[in-house]
Amino acid sequence: AQSVTQLDSHVSVSEGTPVLLRCNYSSSYSPSLFWYVQHPNKGLQLLLKYTSAATLVKGINGFEAEFKKSETSFHLTKPSAHMSDAAEYFCVVSDLMRSGNTGKLIFGQGTTLQVKP
Amino acid sequence: NAGVMQNPRHLVRRRGQEARLRCSPMKGHSHVYWYRQLPEEGLKFMVYLQKENIIDESGMPKERFSAEFPKEGPSILRIQQVVRGDSAAYFCASSPPNGGNPYNEQFFGPGTRLTVL
């Protein structure tokens, strides 16, 4: 079965410093992977997606993620944190690529990013 | 193109009452997914529907919960005889037919926050 593990429940960085949010996945085939962001009491916004075209994926707001099959990881990074980046981040895998599955998204537990001034 | 719309945004019910949550997918999208987010947790898949059909309801509680997506009108998630444990944020997501979305990117609504007193 597919699963996603976000290795940190909380990450705190200072404004202007790099951000690293870690995610490991479990899948028996090539997955589709996503990062979503959720600001307090808001819906979810797609940051970026991995769809096997390129292992380094660039997203919105300066975020990017690298798919590493050998490590089964899809960590999210940003060179310089901004105060507005403070939010909840979810690493997500889709099971659509497997025959017979219906494409539901499987979410990690989330990482709360705190950005200090 | 309007995004996914959900209403109401906030819903308060007393134990034993019924809750009806509505979701209008993006224009051109024929697939609807419902997810539930309990406090301090990630989103959990509930049900996947296409027009007039339930495709996957493996995440739905066995009792009191039902969902529909009629030919005309929004998708409805219905919770009968609500209990305090139903308090959560309920998110709807939509996607176009699979041929136009091979990696199953889903677009989320703002959610309905249900509070059961």
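Numbered from 1 within each chain, the chains take letters A, B, ... in sequence-line order. This one's a predicted model, so the numbers in the text were calculated from it and none came from an experiment.
Closest of all the heavy-atom pairs between A:Q38 and B:F91 is NE2-CZ, 3.3 Å. When all heavy atoms of A:L105 and B:Y35 are compared, the pair lying nearest together is N-OH, 2.9 Å. Counting all heavy atoms, side chain and backbone alike, A:K104 lies closest to B:Q106 at CA-NE2, 4.4 Å.
Both A:V11 and A:W35 sit in one connected hydrophobic cluster of ILVMFWY residues. Membership requires side-chain heavy atoms under 4.5 Å apart, directly or through other members. Connection of B:I76 to B:V47 is not established within any shared hydrophobic cluster, with ILVMFWY side chains joined at heavy-atom distances below 4.5 Å, either directly or through further cluster members. Note: the hydrophobic cluster containing B:F108 does not contain B:L38 (ILVMFWY, side chain heavy atoms under 4.5 Å, direct or indirect links).
Environment of CD in B:E18: crowded, with over 12 heavy atoms of neighbouring residues, nucleotides or ligands closer than 6.0 Å. Annotation for B:K51: atom NZ counts as buried by contact number, over 12 foreign heavy atoms lying within 6.0 Å. By the neighbour-count criterion of 12 heavy atoms within 6.0 Å, atom CE of B:M5 is sparsely surrounded, having that number or fewer from other residues, nucleotides or ligands.
Heavy-atom distances place no part of B:Q6 under 4.5 Å from chain A, backbone and side chain included.
Remark: A:Y36 OH to B:E105 CD distance equals 6.0 Å, nearest 0.5 Å. Distance CZ/B:F107 to CG/A:L46: 7.5 Å, rounded to 0.5 Å.
The six-membered or imidazole ring of B:F45 lies away from that of A:F107, with a centre-to-centre distance of 6.0 Å or more.
For the pair A:V92/B:L43, no side-chain contact is recorded, criterion being any heavy-atom separation below 4.5 Å from C-beta on.
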